[in-house]
Undergrad: 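So that we are looking at the same thing, I have put the structure below in structure tokens.
Given the structure is predicted, the values throughout are model-derived calculations rather than measurements. Counting from 1, the numbers follow the sequence of the chain as shown.
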Amino acid sequence: MLFNSFAFIFCFLPVTLAGFFVFNKFDKNQFAKCWLVGASLFFYCFWTLKNLPIIMTLLAVNYFLGRELHSLQPRWPKGILLKLGLIFNIGILCFFKYANFFNDISGSPFELGKLLLPLGLSFLVLQQITYLMDAYEGMSKPRGLLDYLVFGTFFPYLIAGPITHYEELVPQLENKENFKFSPDRFSLGIYIFTMGLAKKVLLAESFASWANTGFEESASLHFFAAWKASLAYTFQLYFDFSGYSEMALGIGQMLNLELPINFNSPFKSKSIIEFWTRWHMSLSRFITTYMFTPIVRLMPSITFTNSMVATFLAMLIVGVWHGAGWTFTVYGGMHGLALVINHIWKKKRKKKKPIPFFGWFLTFNFVNITFVMFRATSLENALQVYKAMLGLNGVVIAKIFGLSKESALIKSGWKLGSMLKPDDYLVLILLVAAFVLILKAKNIPELSKSFKPTTKTAVFCAMIFSLCLFGFNRITDFIYFNF
């Protein structure tokens with residue numbers, strides 16, 4: 001059951017919201033929490049009941065470990081409990097996510113059978129790790145099982161984030177004001193949800209077909225076709241993932257619960273360092289707190305060189321976390337190396353003013369180029385696209401540009417193709433629109449601050465929502481469901 005489906009929008013979501021506020025109307029807050037847990041588990045198991053034992057095992061083990069870590073007199077030393085928790089969570093993730101990969105590359109005659117990655121397991125594991133680490137560091141307070149279950153199963157972020165900390169969500173469940181229906185927050189939630197839905201249905205899905213075609217036909221791409229495919233995927237990924245995150249934020253607002261912002265206009269970034277403070281922000285926070293910092297602490301001393309080594313290793317791990325394949329490893333290494341270079345550049349040129357446009361142009365194109373590796377099905381597939389992007393497969397231009405076979409460009413190796421098709425014009429229009437949106441339009445955090453539930457806003461939302469309904473005939477999974 002996807003956020004962008006009739007079943008979710010017209011059945012599951014209204015019933016869940018109604019049940020939550022009906023229980024709260026009669027001061028049955030505990031029943032309202034149970035209702036949320038039940039609805040979340042139903043949502044998670046809607047795809048397959050096989051997911052249920054896995055999520056229940058994760059929740060049971062982590063709740064027990066967290067309770068011991070919160071205890072003033074734990075049965076075992078807290079350091080051992082934390083290590084056991086990390087081994088358990090990472091072990092579960094590695095088994096389901098990487099067993100097939102290691103079996104394939106090892107050439108082992110032992111056949112594991114193709115394991116299916118449980119939906120949202122990567123995000124579930126990261127969220128549970130934050131819970132255990134925060135409990136160990138004393139950054140969270142012990143609470144009851146029901147509050148923990150709401151935190152562990154909350155359906156808006158259950159499958160693809162944002163990665164939410166225990167202390168970000170649970171204290172809101174203790175505030176009785178959050179159990180009362182708020183017309184203003186509900187209106188804001190609908191507005192945010194609709195904007196996220198539009199990103200997914202109207203934009204991401206439009207770019208998806210061009211990106212998929214380009215990567216499937218990578219061996220025959222020419223210069224312009226390769227750049228069309230790469231840009232289409234970059235925008236597809238951004239509008240798809242940020243759209244999901246904003247729909248999750250919107251649902252949270254409808255329930256009077258604030259979730260962390262996951263995207264803050266990342267393509268306005270003028271450096272790769274800035275990009276990672278704006279892109280998938282909950283993951284960036286996780287990287288800094290639970291990966292980079294522990295790696296630095298393991299170093300003999302905290303120096304610039306050691307921090308750069310930690311930065312590279314952390315990003316390499318992030319690449320591997322995204323998937324079992326060399327493409328993801330290379331992707332993580334590319335971003336790790338870029339961050340190191342960016343830090344060195346800043347250190348050596350800190351007195352000189354940066355050139356904004358040059359920084360933006362370099363950052364955007366680097367991100368676009370690395371997303372080719374992220375999307376590619378194999379290293380060979382990625383290299384074929386890169387080869388075409390460099391023009392090594394030739395440059396084909398349409399006849400519409402008025403060039404003849406005698407022109408200098410044609411004589412220098414450019415090829416004269418057919419006339420532009422209607423589909424090509426649509427690509428150009430959408431690419432221009434996408435650049436305008438990412439560079440000029442206000443993002444959701446900015447729009448939320450100035451939001452007012454007026455008739456004009458309601459009409460606008462209704463129009464956008466109506467347009468989205470026409471796109472429900474091409475429903476596809478969100479990209480990050482695969483991770």
Undergrad: So, N381 versus S378: side-chain donor-acceptor pair below 3.5 Å or not?
TA: no

Undergrad: For Y386, what residues pass the ring pair (Phe, Tyr, Trp, His ring centres under 6.0 Å) criterion, not counting sequence neighbours?
TA: none

Undergrad: Using ring pair (Phe, Tyr, Trp, His ring centres under 6.0 Å) as the criterion, list what pairs up with Y191, not counting sequence neighbours.
TA: F451

Undergrad: Excluding sequence neighbours, so at least two apart, what forms side chain to side chain donor-acceptor pair (under 3.5 Å) with D147?
TA: K33

Undergrad: Should the ring pair Y131 and Y148 be called parallel, tilted or perpendicular, given that the plane angle runs from 0 to 90° and is split at 30 and 60?
TA: tilted

Undergrad: Tell me if the aromatic rings of F235 and W210 count as close, with their centers under 6.0 Å from one another.
TA: no

Undergrad: I'd like to check the ring pair (Phe, Tyr, Trp, His ring centres under 6.0 Å) partners of Y331; sequence neighbours left out, ordered by chain and number.
TA: H335, F374

Undergrad: Evaluate the side-chain proximity of Y157 to Q127: yes if any heavy-atom separation is below 4.5 Å, no if none is.
TA: yes

Undergrad: Y244 ring centre to K200 NZ or CZ under 6.0 Å, with the angle to the axis within 45°?
TA: no

Undergrad: List the atom pairs, donor and acceptor, that lie under 3.5 Å between side-chain atoms in residues 354-363 and the rest of the protein, sequence neighbours left out.
TA:
residue, atom, partner, partner atom, Å
W360, NE1, F267, O, 2.7
T363, OG1, S271, N, 3.1
T363, OG1, G359, O, 2.7

Undergrad: Considering residues at least two apart in sequence or located in another chain, which fulfil the ring pair (Phe, Tyr, Trp, His ring centres under 6.0 Å) criterion with F312?
TA: none

Undergrad: With rounding to the nearest 0.5 angstrom, report the CE to OG1 distance, M247 to T194.
TA: 10.0 Å

Undergrad: Dump the intermediate steps for side chain to side chain contact (heavy atoms under 4.5 Å, CB included) on L84 and F88, then the final yes or no.
TA: CA-CA 6 Å; L84 287 174; F88 170 75; over 6 Å; no

